[in-house]
There are 2 protein chains.
Amino acid sequence: MSGGVEWALHCCVVLTSVEEPISSAKLAELHDVSSSYLAKQLQALSRAGLVRSAEGKAGGYILTREPASITVLDVVEAVDGPGRAFTCTEIRQRGPLATPPESCTAPCPIARVMIEADTAWREALRAISIADLVQDVASTSGPLAMGRVSAWLTTKQA
Amino acid sequence: MSGGVEWALHCCVVLTSVEEPISSAKLAELHDVSSSYLAKQLQALSRAGLVRSAEGKAGGYILTREPASITVLDVVEAVDGPGRAFTCTEIRQRGPLATPPESCTAPCPIARVMIEADTAWREALRAISIADLVQDVASTSGPLAMGRVSAWLTTKQA
DNA sequence: GGCAAGCTACTCGGATACACGGTGTCCGAGTGCATGGGG
DNA sequence: CCCCATGCACTCGGACACCGTGTATCCGAGTAGCTTGCC
């Protein structure tokens, strides 16, 4: 899976601590990653409607929804695309013993297992929201960690 | 994920119907796929110990274990490698507000969610065995489907 | 007829090109804010 | 003092190269089985 997903998730978490737009440059400096490439991930989030972009001098990105209503799956699908990891090529319909198409109304057992596993994976990601991540961060890194991030984002004038 | 996984799984299913070695060329013709590339996947299965290769004139591949003791996850890991889909790059330890390494004993919440989802995915694949797939095929394509495959593999002298 | 040596043909296995998607970067179009002048 | 036109600096957005992994292929090493000659 794409590595930019991790960046996008971290950005969503820190964006919960502020209410004003934050530019991609600031987010990149905070995470020490490529500003240009991070911009691409943020664009993907913008296209998916998870964040709203504000242009102009004091522009940047803001979360459009409540953190509790944004799931990790939303971010993953926005960045990596909604496509499934496994795609059935219908091997059973090929070769000398091909199964006739009229008998292939249901997906083949192999595809069924893969779809089932993919669904389990997605459900695990859907069960966690950005708000849950923020709470975990507070529990792990101390309650004031998010406050420090917020202060840095709002004061630092890069 | 690699597309060769689908081929490998189909091969494992059809290999349950015979007890003599089947060459990669026959398996490729049966599925109408590239013989050379399929050979690579079978080599991966051989390295993982799921199948045993027999060289010589009447050589080929045989399953080493009972179909019920081979899980779909075994095949997936053999072909795609045991690596996880998501790799945490420890972003929290970078940038101006980096978390000190001594505070990073536990994985960060984001990585935790990803690992959890990955585990759920793996458990779903581990729950299904090749024998289960064979039974599903019998239920779907009729009880004699596997017999026809077995007959084709043993009679056809390509 | 039985047996052994040699040969053949077929197999696996790894080493070798090609292609596509992810990775990383850059520059142009657009917009809100700050400034300076006028009323 | 208030308002408006102007300029500017900063922003996003998409278009452009680079690299690694997956995809596809080929040829060489090795072996089991068949053939043939001999005892």
Side-chain angles (χ1 to χ4, degrees), chain A residues 1-8 11 15 20-29 31-62 64 76 78-87 89 91 153 156-158, chain B residues 1-8 11 15 20-29 31-62 64 76 78-87 89 91 153 156-158:
Chain A
M1 90 185 292
S2 174
V5 171
E6 187 182 8
W7 300 7
C11 286
L15 280 178
E20 55 189 305
I22 303 295
S23 73
S24 64
K26 275 192 196 171
L27 291 169
E29 188 186 354
H31 296 64
D32 187 25
V33 296
S34 162
S35 164
S36 305
Y37 189 38
L38 179 63
K40 183 185 278 286
Q41 320 300 338
L42 293 171
Q43 284 171 32
L45 262 58
S46 175
R47 269 183 228 125
L50 297 179
V51 300
R52 185 62 187 166
S53 68
E55 298 185 346
K57 192 175 174 64
Y61 293 95
I62 333 170
T64 54
V76 171
V79 174
D80 259 18
R84 308 271 167 177
F86 177 85
T87 53
T89 57
I91 286 182
L153 285 175
K156 175 79 177 185
Q157 300 297 340
Chain B
M1 93 185 287
S2 173
V5 171
E6 187 182 6
W7 299 6
C11 286
L15 280 178
E20 55 188 306
I22 303 296
S23 72
S24 65
K26 273 191 196 171
L27 290 169
E29 187 186 357
H31 296 65
D32 187 23
V33 296
S34 161
S35 164
S36 305
Y37 189 39
L38 179 62
K40 181 184 277 289
Q41 319 299 341
L42 293 171
Q43 284 170 32
L45 264 57
S46 175
R47 268 184 229 123
L50 297 179
V51 300
R52 185 64 188 164
S53 67
E55 299 186 344
K57 192 173 172 67
Y61 293 95
I62 333 169
T64 55
V76 171
V79 174
D80 260 16
R84 307 270 167 178
F86 177 84
T87 53
T89 56
I91 286 183
L153 285 175
K156 176 79 175 185
Q157 301 296 341

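A note on names: the letters A, B, ... follow the listed sequences, proteins ahead of strands, and every chain is numbered from 1.
From A:K40, atom NZ reaches atom CG of A:L42 across 12.0 Å, with rounding to the nearest 0.5 Å.
Listed by chain and residue number, B:D118 satisfy the salt bridge (Lys or Arg N to Asp or Glu O under 4.0 Å) test with B:R84 (two or more places apart in sequence, or in another chain).
In the set C:dC33, D:dG14, C:dC12, the nucleotide with an atom closest to the side chain of A:Q43 is D:dG14. Of all nucleotides listed (D:dG13, C:dG13, C:dC33), C:dG13 comes nearest to the side chain of B:Y61.
The phosphate of D:dG13 (OP1 or OP2) has a side-chain N or O of A:S46 nearer than 4.0 angstrom. At least one side-chain nitrogen or oxygen of A:S24 sits closer than 4.0 Å to the OP1 or OP2 atom of D:dC12. For A:S23 and D:dT11, the shortest distance from a side-chain N or O to OP1 or OP2 is below 4.0 Å. The side chain of B:S53 places an N or O atom within less than 4.0 Å of a non-bridging phosphate oxygen (OP1 or OP2) of C:dG13.
Contact annotation: side chain of B:E55 to base of D:dG30, donor-acceptor pair absent below 3.5 Å.
Distance CD (B:Q41) to P (D:dG22): 11 Å, rounded to an integer number of Å. C:dT11 atom P lies 13 Å from atom CG of B:L42, rounded to whole Å. The NZ-C1' distance, from A:K57 to D:dA9, rounds to 5 Å in whole Å.
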Next on the checklist: Can you build the contact string for nucleotides 24-29 of chain D? Use B for base contact, S for sugar-phosphate-only contact, and - for no protein heavy atom under 4.0 Å.
Outcome noted: BBB---
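Inter-residue side-chain proximity for B:E6 and A:T89 is flagged as met; some heavy-atom pair is nearer than 4.5 Å.
Judged by closest nucleotide on DNA chain D, A:G56 is the one of A:R47 and A:G56 placed further toward the 5' end.
Judged purely by atom type and a 3.5 angstrom limit, B:T64 uses its side chain to pair as donor or acceptor with the backbone of B:L50.
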Item to check | Intermediate values then yes/no, side-chain contact (heavy atoms from CB on, under 4.5 Å), A:I22 and A:Y61 | outcome: CA-CA 5 Å; A:I22 303 295; A:Y61 293 95; 5.9 Å; no
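Across all their heavy atoms, B:A44 and B:V79 have their closest contact at CB-CA, 4.3 Å.
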